[in-house]
**Q** 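What follows is a single structure, and I will ask about it in a moment.
Predicted model only: the values in this text are computed from it and were never measured.
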Amino acid sequence: MAEENPAKESCIRIAEELPQTTVDFISQESWDSYFTSKGTDDFCEWYADWPQFRTLLKNHLSFPPPAAPPEDMSILLPACGASRLSEHLYDEGFRHITNVDFSKVVIEAMMKRNIRVRPEMTWRAMDMLNTKFPSGAFDAIVDKGGLDILMDSEHGPRSGLSTYISEVKTMLKAGGRFICLTLAEPLVRDLLFSKFRFGWKINLYTISDEASPGTTTQQTFMFVAEKSIFTVVSRIVPFMDASFMESQDKDDQVDKLLEALKRENTVREEYSKSTDKWYSLEELEQGVKGNIEEIESGRVIKLFIGETGISRFFYTCVLLDAPPETGPFSKQFLVLFLQKSQASQKILASESRQRLVLQSFKAARLLIIVLDSSYSIVRGDDVGKDTSPFLLQLCPTVAVEVTDVVYTGGDDMIEGIKQSKIVHQVSSVLNGVIYVEDVMYNQSQDITFRRLCFERTESLMHSEAPLSTEAFRQKKGKPKKTDSHASIGVKVVEHQILTTGFHKGVIAGLLLFSTHSKRTTKAGGLVKTVIIGLGPGILPMFMRNRLPSLKIEVVELDPVVLNVASNYFGFTEDERLKVHITDAIKFVREKANSEADGSKVDLLIIDVDSSDSSSGLISPEADFVEESFLLTVKDSLSDKGLFIFKLFSRYSSVRRVVYSNLRTVFSNLYHMYVDDGFVEIIFAVKKEAPVELDEACEAIGRSLLDNYNMHPWINNVLNDSKLIKPLP
């Protein structure tokens with residue numbers, strides 16, 4: 001008779017009691033019920049147990065000098081559950097450990113278990129997708145299975161998971177490490193690979209599969225990402241033991257991971273070919289760009305400033321020295337702080353714009369420092385004190401000291417804003433602070449524009465529309481009354497025109513499937529359109545009003561955005577315009593997998609900016625240009641369907657990788673540039689045969705003329721359509 005194993009039997013019983021469905025796994029009530037019935041003493045680890053990874057984990061938590069000793073290191077364990085991991089770490093000398101789980105039952109039980117024997121360890125009932133810790137709060141974050149729980153191979157990631165990864169990166173100090181114990185299922189693997197590209201050194205380890213009774217029989221991996229101060233892209237370095245490489249009994253887990261790793265490192269090599277070179281202050285002092293103490297005519301340097309233990313943050317900067325002939329100079333050394341916005345990103349992307357700023361301030365040397373949402377919790381004076389040690393090192397000898405410091409939002413200076421007023425502000429769990437702003441530009445002839453801004457994203461202005469004041473109506477001609485005009489007090493948001501280059505380009509791009517669209521409408525059907533990203537709702541409202549052949553579905557993850565669009569931008573739904581509050585990737589996947597007649601999409605538009613600067617993208621989110629999602633997009637499109645999105649990055653290497661991913665999936669690609677060439681619009685046509693642009697332009701012209709009888713906006717569309725060219 002086989003010998004009984006009580007530990008194994010206990011773990012099997014516990015496994016049977018675990019939540020059984022995806023919904024249960026993300027339900028706080030399900031976990032409370034589970035932990036209540038189980039108790040914290042009836043226990044076994046799900047993944048690798050402590051002896052299997054003790055040495056490896058300790059090595060990665062033992063940072064090189066001048067890092068803090070173990071007893072002073074701050075460590076976060078998200079979704080800690082009833083795991084003994086934090087107890088083992090505490091007993092190894094790591095005292096400042098914060099355990100987080102959204103089950104109050106398990107937090108209370110684990111606190112009770114440890115309060116006397118491990119008094120310095122803390123426990124907090126908190127959802128890992130909505131933590132409240134400040135920037136740079138932790139030296140290390142150790143995630144054991146938490147990420148895996150939130151991913152489901154059938155339904156995709158839980159809403160807000162990308163936000164969790166972004167928060168992880170924000171909460172880590174420079175040099176800090178994110179350590180994730182995972183099964184590396186495809187969705188988790190792809191998320192980790194894409195989200196930790198820019199500015200992270202990555203190692204991947206296999207954990208010995210001498211599993212304790214009851215732990216998973218699948219291979220466990222340790223993903224280690226170290227936060228760098230530079231936006232370099234490094235290869236993922238794998239450390240695979242021989243037994244793993246030879247394994248053939250893990251459901252192709254070995255082959256799939258190695259294939260994905262090879263593909264990801266190929267992408268990273270493309271990024272690393274970038275000519276975008278950034279320097280540290282130490283490198284400048286060593287003379288890599290000449291004598292930094294002297295003003296050198298025409299010199300431009302991109303650099304990072306900041307140092308662990310000295311400054312609270314790291315800062316992205318551009319240093320410019322003016323040619324002598326552009327003088328005389330009123331200031332020798334000027335420091336300009338810009339809030340991260342669409343305007344400030346244009347400055348970083350364009351040396352010519354940097355020169356214009358330099359000339360406008362009449363400075364011999366200008367240091368432009370771009371801030372992002374991480375700095376929103378501190379005052380301008382505090383940022384000045386934080387950077388002052390480094391500013392003195394950049395001060396030329398002729399200046400002796402910093403001449404002046406200027407703080408600006410950037411948009412006012414670059415976009416020529418005459419006046420602005422915030423009319424509404426609200427905080428969202430998914431997007432942070434959102435505000436609605438009324439602005440008047442110097443060149444706008446007293447027309448007020450209403451715009452939507454997201455504080456946590458790089459590109460603050462999502463979209464804008466003019467307010468139809470009496471002055472505006474007299475100058476532009478009073479438009480017909482429609483339901484799309486909604487009064488906000490005495491003001492009316494105008495939905496009959498478009499003001500942003502991207503939105504105008506989207507309409508011009510419809511020529512790429514105008515013939516297909518016309519056949520659909522002649523057959524009595526509507527062109528099925530999906531727009532990912534609602535924003536203020538300007539684009540879908542315009543398309544509904546101007547293009548009656550479209551049936552539009554908008555996918556928006558954040559209900560707060562829908563409320564703002566409805567209450568402050570006059571957005572309304574009807575039988576031809578519906579909003580779905582759901583995850584966009586899940587929505588598109590369902591369209592792609594559906595076998596129902598008429599389920600495919602004729603026109604798919606992505607109108608979102610990136611919330612994560614580590615991808616190197618300002619627009620769109622990195623997830624939307626990954627090869628796996630592009631394949632899903634193609635499957636979701638009808639035979640002659642069209643896919644449109646905005647591509648905005650200051651890194652040429654990032655754009656090259658996006659092009660490469662697109663060419664892998666689509667053979668029929670076009671593009672155009674708007675906003676003075678800073679924003680690129682990508683058009684991907686599903687059909688293989690190339691579009692004859694001249695013929696298509698004539699076709700859409702005839703179609704619009706038939707419907708609108710020479711309305712002035714048609715000429716704008718036709719002129720914009722001539723800018724569309726095949727993607728080289």
Side-chain angles (χ1 to χ4, degrees), residues 341-343 409-426 431 433-455 457 459-507 531 533-547 552 554 556 560-574 577 579 607 609 674-675 711-713 716-717:
S341 67
Q342 188 169 4
D411 292 353
D412 292 10
M413 178 182 63
I414 304 303
E415 297 179 12
I417 294 178
K418 182 162 54 177
Q419 62 184 45
S420 62
K421 176 184 178 182
I422 294 178
V423 297
H424 178 67
Q425 182 169 306
V426 64
N431 284 300
V433 176
I434 302 172
Y435 59 95
V436 179
E437 185 179 35
D438 285 354
V439 301
M440 187 177 293
Y441 300 102
N442 291 327
Q443 72 276 18
S444 63
Q445 299 178 327
D446 295 330
I447 300 170
T448 300
F449 292 82
R450 175 155 292 176
R451 59 188 200 174
L452 179 65
C453 305
F454 297 87
E455 188 174 80
T457 59
S459 183
L460 294 182
M461 188 186 72
H462 187 282
S463 185
E464 68 180 9
L467 296 178
S468 294
T469 60
E470 188 63 30
F472 173 83
R473 291 176 180 270
Q474 289 174 359
K475 287 181 174 63
K476 297 294 183 179
K478 186 174 181 179
K480 296 178 181 179
K481 291 184 178 180
T482 70
D483 292 339
S484 65
H485 290 76
S487 296
I488 311 295
V490 296
K491 300 175 182 178
V492 178
V493 176
E494 179 60 63
H495 294 127
Q496 295 291 340
I497 63 172
L498 296 175
T499 60
T500 66
F502 173 64
H503 289 168
K504 294 176 183 177
V506 167
I507 303 304
I531 302 175
L534 173 64
I538 302 303
L539 179 62
M541 291 288 283
F542 176 90
M543 295 177 75
R544 181 187 65 182
N545 294 338
R546 292 295 197 186
L547 303 170
I552 305 168
V554 181
E556 172 58 53
V560 176
V561 172
L562 175 57
N563 290 336
V564 170
S566 301
N567 294 330
Y568 291 89
F569 290 87
F571 177 80
T572 58
E573 299 180 69
D574 61 17
L577 175 56
V579 176
D607 188 12
D609 292 334
V674 296
D675 292 341
H711 195 287
W713 75 277
N716 296 331
V717 173

**Q** To the nearest 0.5 angstrom, please state how far the CE atom of M440 sits from the CZ atom of F449.
**A** 9.5 Å

**Q** Report yes if the side chains of V674 and K504 come closer than 4.5 Å at any heavy-atom pair, otherwise no.
**A** no

**Q** What pair of heavy atoms forms the shortest contact from G537 to A565, and how long is it?
**A** N-CB, 4.4 Å

**Q** Quick one: which of L534, N545, D607 gives a side-chain contact (heavy atoms from CB on, under 4.5 Å) with P540?
**A** L534

**Q** Out of I422, N567, L452, which residue meets the side-chain contact (heavy atoms from CB on, under 4.5 Å) rule with V436?
**A** L452

**Q** Between M543 and I531, is any pair of side-chain heavy atoms under 4.5 Å apart?
**A** yes

**Q** Please round to the nearest 0.5 Å and tell me the distance separating atom CD1 of I538 and atom NE2 of H495.
**A** 4.0 Å

**Q** Kindly indicate whether the side chain of L562, heavy atoms from C-beta on, has any atom under 4.5 Å from the side chain of F571.
**A** yes

**Q** Give the intermediate values and the outcome of side chain to side chain contact (heavy atoms under 4.5 Å, CB included) for residues T499 and E494.
**A** CA-CA 10 Å; T499 60; E494 179 60 63; over 6 Å; no

**Q** Between atom CD of E464 and atom OG1 of T448, what is the distance when rounded to the nearest 0.5 Å?
**A** 11.0 Å

**Q** Can a donor-acceptor pair be found, under 3.5 Å and without considering hydrogens, that links the side chain of R451 to the backbone of V439?
**A** no

**Q** Where do V561 and G535 come nearest, in terms of heavy atoms and distance?
**A** CG1-O, 3.4 Å

**Q** Are any of the side-chain heavy atoms of N431 and V560 separated by less than 4.5 Å?
**A** no

**Q** Is there a side-chain contact between T500 and L539 (heavy atoms, below 4.5 Å)?
**A** no

**Q** In Å, rounded to the nearest 0.5 Å, how long is the span from CZ of R450 to CD of E437?
**A** 11.0 Å

**Q** Checking the side chain of H503 only, and the main-chain atoms of I497 only, is there a donor and an acceptor separated by less than 3.5 Å?
**A** no

